Chemist: 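Let me begin by handing over the structure; questions about it come next.
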Amino acid sequence: MHEALHERAIMLKLAPHLSRPLSIFTPLYKIWEKPYYRTGLKMYDLLAGKTNIGKSRSVSSQEAMKFFPKLKPENLQGGVIYFDGQFDDARMNITLVKTALNRGAVMLNYVAVTSLVHEEGQLAGAQLLDTLTKQHITVSAKCIINATGPFVDAIRTMDDVHAKPMLTVSSGAHVILKQKLCPNDLGFLIPKTDDGRVLFLLPWHEHTLAGTTDQPAEIEFNPKAKQDEISYILHYFSKYFKTDFKNEDILSTWSGLRPLVSNPDANNTAKLSRDHVIVKSKTGLITVTGGKWTTYRKMAQDTLDYAINELAFTPAPCLTKDILLSGASGYQENLSDEISHHYGLEDDISQHLSHTYGSDAIDVAGFAKDGLKTRLHPQHPYIEAEIVYAMKNELAMRASDILCRRTRLAFLDKNAAKSAAPRVIELMQQYYNWDKNKVIEEQNSWADIF
Ligand SMILES: Cc1cc2nc3c(=O)[nH]c(=O)nc-3n(C[C@H](O)[C@H](O)[C@H](O)COP(=O)(O)OP(=O)(O)OC[C@H]3O[C@@H](n4cnc5c(N)ncnc54)[C@H](O)[C@@H]3O)c2cc1C
């Protein structure tokens with residue numbers, strides 16, 4: 001936990017436009033719960049030490065109802081508030097990619113490892129497939145790091161058909177509600193449901209995100225939230241709030257797979273923290289898995305230190321604690337005012353651009369000035385300029401890249417994304433000069449996602 005709190009502080013420093021402190025409220029219904037939670041949170045504050053981003057405190061039932069007016073007031077004794085951090089996962093991911101590109105890394109999108117190349121019993125390279133052009137590529141490598149999340153065992157099997165699986169995965173379903181239940185700066189957490197789970201409501205891109213489940217799952221590329229998971233989330237929040245939530249109250253749902261290390265081989269495992277695990281195979285394949293998004297930087301540092309040590313590379317100091325991510329340099333809280341003023345964009349759009357792209361928002365706004373100011377959907381702040389920016393600067397190759405992982409429209413509002421898709425495909429067709437067949441393929445594959 002100490003490591004995660006430390007990394008959280010680093011993330012807030014390196015990407016101030018994308019990450020933010022977020023206070024979280026926990027409602028309490030029994031008088032004895034207040035001192036119990038206060039003591040626990042005092043320890044959390046102490047553990048966070050200098051990295052603490054706000055002091056936890058008690059909240060009266062009146063104050064709680066002010067924050068969450070749609071909460072059922074019966075038996076509410078008030079609650080506690082503590083501080084955590086929040087960021088947008090897909091935007092953080094693409095921002096890391098951009099930062100690496102700016103510093104000279106080669107980053108490939110839609111390129112899959114299909115097999116590994118061995119020479120004299122040692123790993124020497126990999127066969128890759130560009131899944132868009134269907135081109136096969138062979139690369140040589142002195143060291144290969146397998147960081148494929150839930151898919152690490154598939155790569156380990158390419159290295160050694162007898163490799164024992166080290167992962168299980170659990171699915172986590174999420175629901176975006178039509179009703180806004182949280183204020184923009186306060187989440188709502190149920191730390192222990194009747195069956196021992198954690199559930200939350202979080203303010204997310206001006207909407208309310210409800211989650212999550214934790215169920216054993218199969219490993220697959222596009223996991224979907226199952227109806228029983230959705231019903232569980234809706235049912236549980238109906239107990240706390242004045243609405244009896246049904247499927248009609250949902251804008252969008254999705255699911256993710258958590259990589260859980262179940263069977264690391266004790267003999268060759270460097271267990272560097274409780275959370276992530278690094279292993280090396282007999283042929284030299286290094287696998288890193290488990291962990292948390294929050295600790296991504298430490299996972300990378302530990303893995304490279306391990307590789308340098310195991311393969312006797314020349315060590316160099318790790319710099320990532322201090323490298324500002326793309327858009328962080330020159331970012332200021334008043335950036336959105338500047339963008340509104342200079343580029344004539346509405347306030348919600350300029351706020352969205354500055355929080356999403358940081359100082360890179362100026363480049364996006366530049367495209368907007370050139371005639372791409374139109375919103376992708378009237379109820380959302382995403383604009384056409386972002387499509388062109390994502391193709392030029394963020395390796396966006398398909399409509400789903402734009403609608404799911406550069407903007408978050410499909411995650412927030414499925415129907416809005418559906419209605420925006422034709423224009424996204426049209427702009428991509430113009431930029432990439434797609435022929436008719438490619439346009440049809442893209443329309444169909446996009447329809448499949450829904
Ligand atoms: C529901 C849910 C909630 C979570 N909540 C939190 C949270 O609150 N805080 C937190 O810190 N963490 C959280 N996590 C955990 C966090 O999201 C994961 O730990 C993290 O995403 C794992 O990152 P990864 O890079 O190891 O794997 P991934 O993000 O899954 O990335 C693996 C990549 O490998 C690629 N790949 C797979 N096979 C191949 C191949 N053959 N060739 C090339 N590429 C390949 C995939 O396309 C993918 O891009 C949550 C996870 C879930 C599912």
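The analysis underlying the following values was restricted to heavy atoms, covering all of them including side chains, and did not include hydrogens, waters or symmetry mates. Each ligand, and each atom within it, is numbered from 1 in the order the structure gives. Only a predicted model underlies this, so the values are computations on that prediction, with no experimental measurement involved.
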Chemist: Could you tell me if H235 and S231 have a donor-acceptor pair between their side chains, going purely by distance under 3.5 Å?
Modeler: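 Checked: S231/H235 side chains show no N/O donor-acceptor pair below 3.5 Å.
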Chemist: Please work out which of the three classes, parallel, tilted or perpendicular, describes the rings of Y382 and H380, given edges at 30° and 60°.
Modeler: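 It falls in the parallel class, under 30°.
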Chemist: Is the closest side-chain donor-acceptor distance between S445 and R398 under 3.5 Å?
Modeler: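 There is such a pair (donor and acceptor under 3.5 Å, judged by atom type) between the side chains of S445 and R398.
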Chemist: To the nearest 0.5 Å, tell me how far I286 CD1 sits from D159 CG.
Modeler: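 The distance works out to 11.0 Å.
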Chemist: Parallel, tilted or perpendicular: which fits the ring planes of Y389 and Y357, with parallel below 30° and perpendicular above 60°?
Modeler: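 Rings of Y389 and Y357: perpendicular, over 60°.
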Chemist: Kindly print each ligand 1 N/O atom paired with any protein N/O atom under 3.5 angstrom away, one pair per line, or none if nothing qualifies.
Modeler:
from     : atom 1 : to   : atom 2 : distance (Å)
ligand 1 : 11 (O) : W293 : N      : 2.8
ligand 1 : 11 (O) : T294 : N      : 2.8
ligand 1 : 11 (O) : T294 : OG1    : 2.8
ligand 1 : 12 (N) : W293 : N      : 3.1
ligand 1 : 41 (N) : V113 : O      : 3.2
ligand 1 : 42 (N) : V113 : N      : 2.9

Chemist: I'd like to check the side-chain hydrogen bond (donor to acceptor under 3.5 Å, both in side chains) partners of S329; sequence neighbours left out, ordered by chain and number.
Modeler: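 With neighbours one apart ignored, the set is empty.
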